[in-house]
Amino acid sequence: GIQVEQSPPDLILQEGANSTLRCNFSDSVNNLQWFHQNPWGQLINLFYIPSGTKQNGRLSATTVATERYSLLYISSSQTTDSGVYFCAVVSNYQLIWGAGTKLIIKP
Amino acid sequence: DAGVIQSPRHEVTEMGQEVTLRCKPISGHNSLFWYRQTMMRGLELLIYFNNNVPIDDSGMPEDRFSAKMPNASFSTLKIQPSEPRDSAVYFCASSFGTTNEKLFFGSGTQLSVL
């Protein structure tokens, strides 16, 4: 089945720093979504991005489907950005999840 | 819209008791998913409904688990009898259309079985 790999597994940054999170997938996908799970456990859908680039405030995402990867950019990090970032892709009808990147933003 | 609504937020019960988790999907969404999250296993899909019909229940751990979706606005996940290893966060999620659409999660139910 399709494999989804996220890197880095952990990232610790100072407030104000920028970061890039990566999601690689092993086969063609119909869609790709990025989620943020905050320290309280809530899962928030950040982007639905099967291809191209989208921006939402300080966050942006780019998916290059032909090269089987997606990037999530976080600029000017804030402590509220802390949590785990997951990417998930659809294979057949199932959503396949990466293991996540745990991001800690220090004040 | 109020988003996906789950209840209760927290449930503490004793081994052997029946547990019922509830979910109201976003209005107009016709796909509903139940997930379980643990530190050891991460996010696991338990069951997926489309138009109130169970499409894939291969993730349901065993016969102690059952899920129903009697109408488009309500679903339940029942565990009977519950066991300590069922302790986890249970999420409900919904999407418009199929699994190929943007997925929205509820706040989850933290289940502790003592």
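Throughout, protein chains are lettered first and strands after them, A, B, ... in sequence-line order, and every chain is numbered starting at 1.
- For A/K106, the NZ atom sits in a loose shell: 12 or fewer heavy atoms of surrounding residues, nucleotides or ligands are nearer than 6.0 Å.
- Contact between B/P25 and B/C23 at its shortest, heavy atoms only, is CD-O, 3.9 Å.
- Residues A/L95 and A/Q33 are in side-chain contact: their nearest non-hydrogen atoms beyond the backbone lie under 4.5 Å apart.
- Shown here is A/E5, whose CD atom has no more than 12 heavy atoms of other residues, nucleotides or ligands within 6.0 Å.
- Between chain B and the options A/V29, A/N31, A/V90, heavy-atom pairs under 4.5 Å are most frequent for A/N31.
- Within residues 65-77 of chain B, no residue has any heavy atom less than 4.5 Å from a heavy atom of chain A.
- Under a 3.5 Å cut-off, the side chain of B/R64 and the backbone N or O of B/I79 do not form any donor-acceptor pair.
- When all heavy atoms of A/A65 and A/P50 are compared, the pair lying nearest together is CB-O, 3.9 Å.
- Between A/F35 and B/F105, the two ring planes are perpendicular [angle over 60°; tilted spans 30° to 60°].
- Residues from residues 81-94 of chain B that place a non-hydrogen atom less than 4.5 Å from a non-hydrogen atom of chain A comprise B/F91, given in numerical order.
- When the heavy atoms of residues 42-56 of chain B are compared with those of chain A, the residues falling under 4.5 Å are B/L43, B/L45, B/Y48, B/D56, listed by number.
- Minimum heavy-atom separation, B/L103 to A/N45: O-ND2, 2.8 Å.
- Shortest non-hydrogen contact noted between A/A61 and A/W34 is CB-CD1, 4.1 Å.
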Below 3.5 Å, can you tabulate the donor-acceptor pairs from side chains in residues 107-114 of chain B to any protein atom, sequence neighbours excluded?
residue: B/T109; atom: OG1; partner: B/P8; partner atom: O; Å: 2.5

